Protein chains: 2
Amino acid sequence: MTKLLINGIVFDMYGTVVDVGAVAKACKEVAPDPIAFNKQWRAKQLEYTFLRVLMEQYRDFWQVTGEALEFAVERFGLQMTTGQRQRLMEAWLLPSPYPDVAAALPRLKEKYSLAVLSNGTPEMLSSGLERTGLRPHFQWVLSADAVKLYKPSPKVYQLALQQTGLPKEEVLFVSSNSWDALGAKSFGFKVCWINRTGAPFDALGPRPDLVVKNFDELTNVL
Amino acid sequence: MTKLLINGIVFDMYGTVVDVGAVAKACKEVAPDPIAFNKQWRAKQLEYTFLRVLMEQYRDFWQVTGEALEFAVERFGLQMTTGQRQRLMEAWLLPSPYPDVAAALPRLKEKYSLAVLSNGTPEMLSSGLERTGLRPHFQWVLSADAVKLYKPSPKVYQLALQQTGLPKEEVLFVSSNSWDALGAKSFGFKVCWINRTGAPFDALGPRPDLVVKNFDELTNVL
């Protein structure tokens, strides 16, 4: 493969840079089938971001996450106390770094300017990056909340250019979410899809420039 | 409940007015687990409409349906011949009327102007309504394709007002899709959600004015 000529790397946050395993763990407190419950919560959280952009009814990711939680609780016929709700929501503020990410970022930082661009609120991003100790690696931490839209709207990817000053063609966008990789590619970024699970890529047209299993592979290629 | 003061009813098409059971049946030809396969296909079809609006990359519902099919085939590790693909796609042109719908429409038509407003292409809608014999009941058959967006974008619901000339407050919008009922309510229509399966309503804010199990109930209330 030809080397990608890039100067900056923009990363998605949840599921890409940090692991939200704490959320899965917290689900055990309320749901008899915590894996199915968490899957439903995550799917609705994503769907609600899409729906809110389409309906032109933006609310921030914290609120959307709470609304998706309420749907999941009702869908599974569960009860949730105020304390349980709070612990489930707060798990989003307590992610862990993926081991391969923690190892790769210091190396990548030597060669490239690094940024995070996420649908999460500034508070969620700040909490997660402080807690995982990854904050010092990133020159910019950008939230879609600044434009009151969600990825994969091109206006959110545009925010990364506005804030970093990097030209579009010098940016590599990295995400483990197929729809996010697709949106970034459609916007015009060079794209690396982190396919941790061996899933098929979405069939909507543009393909990522790079597909790797994890950050070790990414670092070796760059 | 206070009677709704309405003059027109706008219906969603797939899953609301017509049953796409032919699609589920066609899946048996390619998939060992046709129910799971069909569910994946439908979920991706919906997700791809959302993604294409967000990415500002509209393609019509026929193309999106085909792309979602390709994803499902890859996801399930299946093979599909050209003939099989064609039969799966053509099943979308061969819906059946729900029995309660076929019985209710002639009665509703006596009192209200009726329209269909769907994400489907004009060709898909035309084929489905001719085949089911429901076409004569509708004064208007409207496709989101006219505005190159998908529901729940308010611009699609606006199309119904532009085309029918009805004032917003005199329209009842009827859908079995929670996200569609939500979008229509957010737009400002009076809304009836047909909840055939006893699912919870999406937790994003506005609630439908009416929730009924089927068209018999709807006709009795109006």
Side-chain angles (χ1 to χ4, degrees), chain A residues 39-41 43-59 63-78 119 144 149-158 177-188 197-206, chain B residues 39-41 43-59 63-78 119 144 149-158 177-188 197-206:
Chain A
K39 201 173 163 188
Q40 172 73 83
W41 183 10
K44 272 289 157 182
Q45 180 194 44
L46 183 63
E47 186 190 334
Y48 284 5
T49 61
F50 296 160
L51 286 176
R52 285 200 168 279
V53 176
L54 262 81
M55 298 194 307
E56 303 176 6
Q57 297 282 343
Y58 179 83
R59 297 292 182 282
Q63 178 172 335
V64 165
T65 301
E67 290 170 344
L69 173 57
E70 273 143 42
F71 178 91
V73 166
E74 199 181 332
R75 178 79 178 69
F76 280 72
L78 305 174
N119 279 344
L149 290 166
Y150 288 110
K151 294 188 283 184
S153 165
K155 291 176 193 73
V156 178
Y157 300 110
Q158 184 66 41
N177 294 302
S178 175
W179 57 267
D180 190 16
L182 184 69
K185 187 68 198 164
S186 164
F187 174 71
T197 60
F201 195 71
D202 276 306
L204 274 76
Chain B
K39 201 173 163 188
Q40 172 75 81
W41 184 9
K44 271 290 158 184
Q45 179 194 44
L46 184 63
E47 185 189 335
Y48 284 5
T49 62
F50 296 160
L51 287 176
R52 286 199 168 276
V53 175
L54 263 81
M55 297 194 308
E56 302 175 7
Q57 296 283 342
Y58 179 83
R59 296 293 182 281
Q63 179 173 332
V64 164
T65 300
E67 290 170 344
L69 173 58
E70 273 143 39
F71 178 91
V73 165
E74 200 181 334
R75 178 79 178 68
F76 279 72
L78 305 174
N119 280 344
L149 290 166
Y150 288 111
K151 295 187 284 183
S153 165
K155 291 175 192 74
V156 179
Y157 300 110
Q158 184 66 40
N177 294 301
S178 175
W179 57 268
D180 190 16
L182 184 71
K185 186 69 198 162
S186 163
F187 174 69
T197 60
F201 195 71
D202 276 306
L204 275 76

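As the structure is a prediction and not an experimental result, all values here were calculated from the model. Every chain is numbered from 1 and lettered A, B, ... according to where its sequence line falls, protein lines coming before strand lines.
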Discussion item. Going by salt bridge (charged side-chain N to carboxylate O under 4.0 Å, His left out), name the residues that satisfy it together with A:E56, two or more places apart in sequence or in a different chain.
Written reply: B:K155

Worksheet item: What part of A:L182 gets closer than 4.5 Å to chain B, counting heavy atoms only: side chain, backbone, both or neither?
Response: both

Fill in: For B:F71, all residues meeting ring pair (Phe, Tyr, Trp, His ring centres under 6.0 Å), sequence neighbours excluded
none

Item to complete: Sort A:F187 into side chain, backbone, both or neither according to what part of it lies under 4.5 angstrom from a heavy atom of chain B.
Response: neither

Discussion item. Among B:E74, B:Q63, B:K151, which residue has the highest count of heavy-atom pairs closer than 4.5 Å to chain A?
Written reply: B:E74

Response to the item:
Given B:A199, B:G205, B:P152, B:A68, the one with more heavy-atom pairs under 4.5 angstrom with chain A than any other is B:P152

Discussion item. Just to verify, which of B:T49, B:L54, B:V53 counts as forming a side-chain contact (heavy atoms from CB on, under 4.5 Å) with A:F50?
Written reply: B:L54

Worksheet item: Shortest non-hydrogen contact from A:Q45 to A:V64?
Response: O-CG1, 3.6 Å

Item to complete: Could you tell me which of B:S186, B:G66, B:G183 has the largest number of non-hydrogen atom pairs under 4.5 Å with chain A?
Response: B:S186

Response to the item:
For A:V156 and A:Y150 the tightest heavy-atom approach is CG2-C, 3.6 Å

Practice prompt. Pick one of side chain, backbone, both or neither for B:Y157, based on which atoms fall under 4.5 Å of a heavy atom in chain A.
Written response: neither

Item to complete: For B:A72 and B:Q40, work out which heavy atoms get closest and say how close.
Response: CB-CG, 4.0 Å

Worksheet item: Most heavy-atom pairs under 4.5 angstrom with chain B, which of A:E47, A:E70, A:R59, A:R52?
Response: A:R52

